[in-house]
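Some notes on the structure that comes next.
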Amino acid sequence: MTEVRTRIAPSPTGFFHIGNAKTALYNWLVARQNNGTFILRLEDTDVERSRDEYADIIGEALTWLGINWDEGPGFHGQPDTGDYGPYRQSQRHALYVREAERLVTEGKAYRCFWSLDDIEAERELARQEKRATCRSPWRDATPERVAAEGDAPYAIRFRVPEGVTEVHDLVQGVVRVDNKEVDDFIIVRPSGDPVFHLAVVVDDGLMKVTHVIRGDDHLTNAAKHVMLFEALGYTVPKFAHHSLVHDEHGKKYSKRLHGANVLDWRTDGYLPETLLNYLALLGWAPSDDRELFTVDELIKEFSLERMGLSAGRFDLKKIQWLNGQHIRMLSREALLDRLLPVLRNAGLDVDSKPRDWLLEIVAICQEKLRTLNDIVAQADFFFAEPCEYEEKAAQKHWAKDGAMADMRLLADAMRAVELWTPDALHAVYNALAERLGSGLGRLVHPTRLALTGKSVGPGLFELATLLGRETCIARMERAMTYVESMGGDQS
RNA sequence: GACCCUAUCGUCUAGUCUGGCCUAGGACACCAGCCUUUCACGCUGGCGACACGGGUUCAAAUCCCGUUGGGGUCGCCA
């Protein structure tokens, strides 16, 4: 059995797009589930637009997503050289040109001395005559005619053969393209630089890639590639063209949109496994109703055969929900480790605090988080006094007659509590509520506001326990003083 | 414009290949209710789709043709 080899071949001309991530994921999953190899190849044949820093960003995005190999220091970029760095097409020019020249020698490609102006004129003519293709006159030029051009710059064009080309696609089925629809495309520029189509095929052929999995924007190109594979005498790989990722309006996910950049999701507090899970579902579905998948489960269950054909829209609400589910699946320890940087980033002093105490906070917040960033609003008061009180809540809970008298009683009762536990606090509140003949809410909400500055948050007795008796009482005193200064409660 | 791909609830989808088990299932969202000290979680219920038109068949979401909609490709970009 031949080793399964897949690849992701992004061009370093911008950030790592969400669509790139989908392609990378599918290729990586197929490689992993077959114990194969996943190749990273930077398609930087466009010298003008390719930049080194973009290559670094691709690496950073893939690393964050966890799309790499556990046993390697980075990506298993170059399986045949043992180098873990990615292949770079810019370093393989000679190879492509050599193969192109071979095609010329074999009569499968030819030199074309057309100028850009000539081409434009011919295209215009073809349009007017409603021809699908325009053929270069150099296609059938005699060797003498070619020789007569001497050192003039030329492009190398592929001589598209007669007939019909079939792309056997694992998800799309057999796609037939009449070769008459395909131009003699350029494979080497007059500058000597190879063009994408040539580089891809030479690389996939020489690297022994078995599955070419990519977006269906390449479906039409695939016909050209099949022709090249055959002309070059390489084994044609299996193709699988997946649907594209659309935005919420059903349009192509624009690079300008927030979230187009994979790393946007990291800054927004999403777990990489959430994004992977979501992207997997956007174009693939299991045979049962499950939607929540760990990365290992995806590796086990994913299959090209069950891939969908139509493009899926990115649904923010759904990925938010999914992220909440993944957050809940995390152990407290693991979640804390992910939360720490977020807390630090918000300027909260977490490093002087005992880890056990931090873990307790995680425990009472975990089920409320949809993103990691939510922890700041959820737990900032543990690290600093509330600097302001929600105005609406203050109106509602503190302005009532007797609210401050209640708080006075509660603060006093707190001093007397023997064991500072949630149960003990609960008992204190229950006792007073009963005496007043009211619900717990009348007492809980004003206290919550005093302790956290907010109207919502974790369970009051749990958070108060973690805050500590002194802090709680101090914050209640402060609240009472505040209300008094505002000329509120007169009791 | 030509060529290629595609079409099930608002969204993601199961079911389509191998017609009947589909008065079309699930999830997100939304609505109502329950739980509850708040929010969230969880639970219960509700709303809600086979794009349209022709065939084929005893029977079609499922097969065939056409129409329409959506997407993609037509570069010396990838």
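Just so it is clear, the model here is predicted, and its values are computed rather than measured. Labels below follow one simple rule: chain letters A, B, ... track the order of the sequence lines, proteins then strands, and each chain is numbered from 1.
- B:rC50 and B:rA24 have their P atoms separated by 11 Å, with the value rounded to a whole Å.
- Among the nucleotides B:rU73, B:rU37, B:rC12, the one closest to any side-chain atom of A:L282 is B:rC12.
- For A:D247 and A:R313, the salt-bridge test fails: no basic side-chain N is under 4.0 Å from an acidic carboxylate O.
- Counting non-hydrogen atoms under 4.0 angstrom, A:D178 reaches nothing in the nucleic acid.
- Remark: B:rU68 base-pairs with B:rA7; criterion is Watson-Crick or G-U wobble with both hydrogen-bond distances under 3.5 Å.
- Within 4.0 Å of A:W114, counting heavy atoms only, lies at least one base atom of the nucleic acid.
- Here A:R176 does not pair with A:E181 in a salt bridge; the nearest charged N to carboxylate O distance is not below 4.0 Å.
- The side chain of A:R49 contributes no N or O atom lying less than 4.0 Å from OP1 or OP2 of B:rC76.
- Geometrically, A:K224 engages A:F185 in a cation-pi contact defined by less than 6.0 Å to the ring centre and at most 45° from the axis.
- Nearest nucleotide to the side chain of A:L244, out of B:rC4, B:rA27, B:rG71: B:rG71.
- Taking 4.0 Å as the cut-off between side-chain N and carboxylate O, A:K318 and A:E248 do not count as a salt-bridged pair.
- Comparing B:rC3, B:rA14, B:rC76 by their nearest atom to the side chain of A:E181 picks out B:rC3.
- Regarding contacts with the backbone of B:rU13, every side-chain N or O of A:R306 stays at 4.0 angstrom or more from both OP1 and OP2.
- Only the P atoms considered, B:rG45 is 38 Å distant from B:rU6, to the nearest whole Å.
- Contact annotation: A:R214 side-chain N/O to B:rA78 OP1/OP2 distance is not under 4.0 Å.
- Using a 4.5 Å heavy-atom threshold, the side chains of A:I67 and A:I8 count as separate.
- Across all strands, A:F461 comes closer than 4.0 Å to base atoms (heavy-atom distances).
- Set against B:rU37, B:rU6, B:rC5, the side chain of A:V444 has B:rU37 as its closest nucleotide.
- Distance A:D183 CG to B:rA2 C1': 12 Å, rounded to the nearest Å.
- Note on A:L443: nothing from the nucleic acid sits closer than 4.0 angstrom, heavy atoms only.
- Remark: the A:D315 side chain and the B:rA29 base include no donor-acceptor N/O pair separated by less than 3.5 Å.
- Using a 4.0 Å heavy-atom cutoff across all strands shown, A:P10 reaches no nucleic acid atom at all.
- Evaluation of atom-type donor-acceptor distances gives no pair under 3.5 Å for the side chain of A:R442 against the base of B:rU37.
- At B:rA14, none of the side-chain N or O atoms of A:S287 fall inside 4.0 Å of OP1 or OP2 (strictly under the cut-off).
- Nucleic acid contact for A:Q89: none, since no nucleic acid atom lies under 4.0 Å from a heavy atom of the residue.
- If you take atom P in B:rG46 and the same atom in B:rC39, they sit 25 Å apart, rounded to whole Å.
- Of all nucleotides listed (B:rU37, B:rG26, B:rU11), B:rU11 comes nearest to the side chain of A:R313.
- The base of B:rC41 is not paired with the side chain of A:K368 by any donor and acceptor separated by under 3.5 Å.
- One can place CD of A:E434 at 16 Å from C1' of B:rU37, the figure rounded to the nearest angstrom.
- With C1' as the reference atom, B:rA49 and B:rU16 are 16 Å apart, rounded to whole Å.
- Of the candidates B:rG72, B:rA78, B:rU37, the closest approach to any side-chain atom of A:E43 belongs to B:rA78.
- Taking atom P in both B:rC5 and B:rC65, the straight-line distance is 12 Å, to the nearest Å.
- Residue contacts for A:H197: at a heavy-atom cut-off of 4.0 Å it reaches a base atom on one of the strands shown.
- Side-chain contact between A:R157 and A:W138: absent, with no pair of heavy atoms (C-beta onward) separated by less than 4.5 Å.
- Looking at heavy-atom distances under 4.0 Å, A:G459 makes contact with a base.
- Nucleic acid contact class of A:G14 (heavy atoms, under 4.0 Å, all strands): none.
- With respect to the salt-bridge test (charged N to carboxylate O, under 4.0 angstrom), the residues A:K454 and A:E391 do not qualify.
- Pair assignment for B:rU44 gives B:rA32, based on Watson-Crick or G-U wobble hydrogen-bonding distances that are each under 3.5 Å.
- Summarising the geometry, the separation between CH2 on A:W321 and P on B:rA29 is reported as 8 Å, rounded to the nearest angstrom.
- Looking at the side chain of A:L440, the nearest of the listed nucleotides B:rU6, B:rU37, B:rC39 is B:rU37.
- One atom, NZ of A:K224, and another, P of B:rC3, lie 17 Å apart when rounded to the nearest Å.
- Residue-level contact check: A:A155 touches neither bases nor backbone, having no heavy atom under 4.0 Å from any strand.
- The side chain of A:N221 has B:rA78 as its nearest neighbour among B:rG71, B:rA78, B:rC5.
- Rounded to the nearest Å, the gap between the P atom of B:rA27 and that of B:rC41 is 15 Å.
- Positionally, the nearest nucleotide of RNA chain B for A:L460 lies more toward the 5' end than for the other of A:P190 and A:L460.
- Using a 4.0 Å cut-off, some side-chain N or O of A:K251 falls inside it from OP1 or OP2 of B:rG71.
- The aromatic rings of A:H397 and A:H445 sit parallel, their planes meeting at an angle under 30°, below the 60° perpendicular limit.
- Comparing B:rU37, B:rA7, B:rG72 by their closest approach to the side chain of A:K252 singles out B:rG72.
- Remark: P of B:rA61 and CG of A:L309 are 21 Å apart, rounded to the nearest angstrom.
- In this model, a side-chain donor or acceptor of A:K318 finds a partner on the base of B:rA27 within 3.5 Å.
- With both pairing distances under 3.5 Å, B:rA14 is matched to nothing as a Watson-Crick or G-U wobble pair.
- Between the C1' atoms of B:rA29 and B:rG48, the separation comes to 12 Å (whole Å).
- Checking B:rA29, B:rC12, B:rA78 against every side-chain atom of A:K317, the shortest atom distance belongs to B:rA29.
- In the model, A:D216 has no side-chain atom that pairs as donor or acceptor with a side-chain atom of A:S243 under 3.5 Å.
- Residue contacts shown for A:V177 are absent, as no nucleic acid heavy atom lies under 4.0 Å away.
- Atom name P, nucleotides B:rA51 and B:rC17: the rounded distance is 16 Å, in whole Å.
- With respect to A:D204 and A:R7, a salt bridge is recorded, a charged nitrogen being found less than 4.0 Å from a carboxylate O.
- Within the nucleic acid shown, A:S191 has no heavy atom closer than 4.0 Å to any nucleic acid atom.
- Here A:Q378 does not reach the OP1 or OP2 of B:rC41: none of its side-chain N or O atoms lies under 4.0 Å away.
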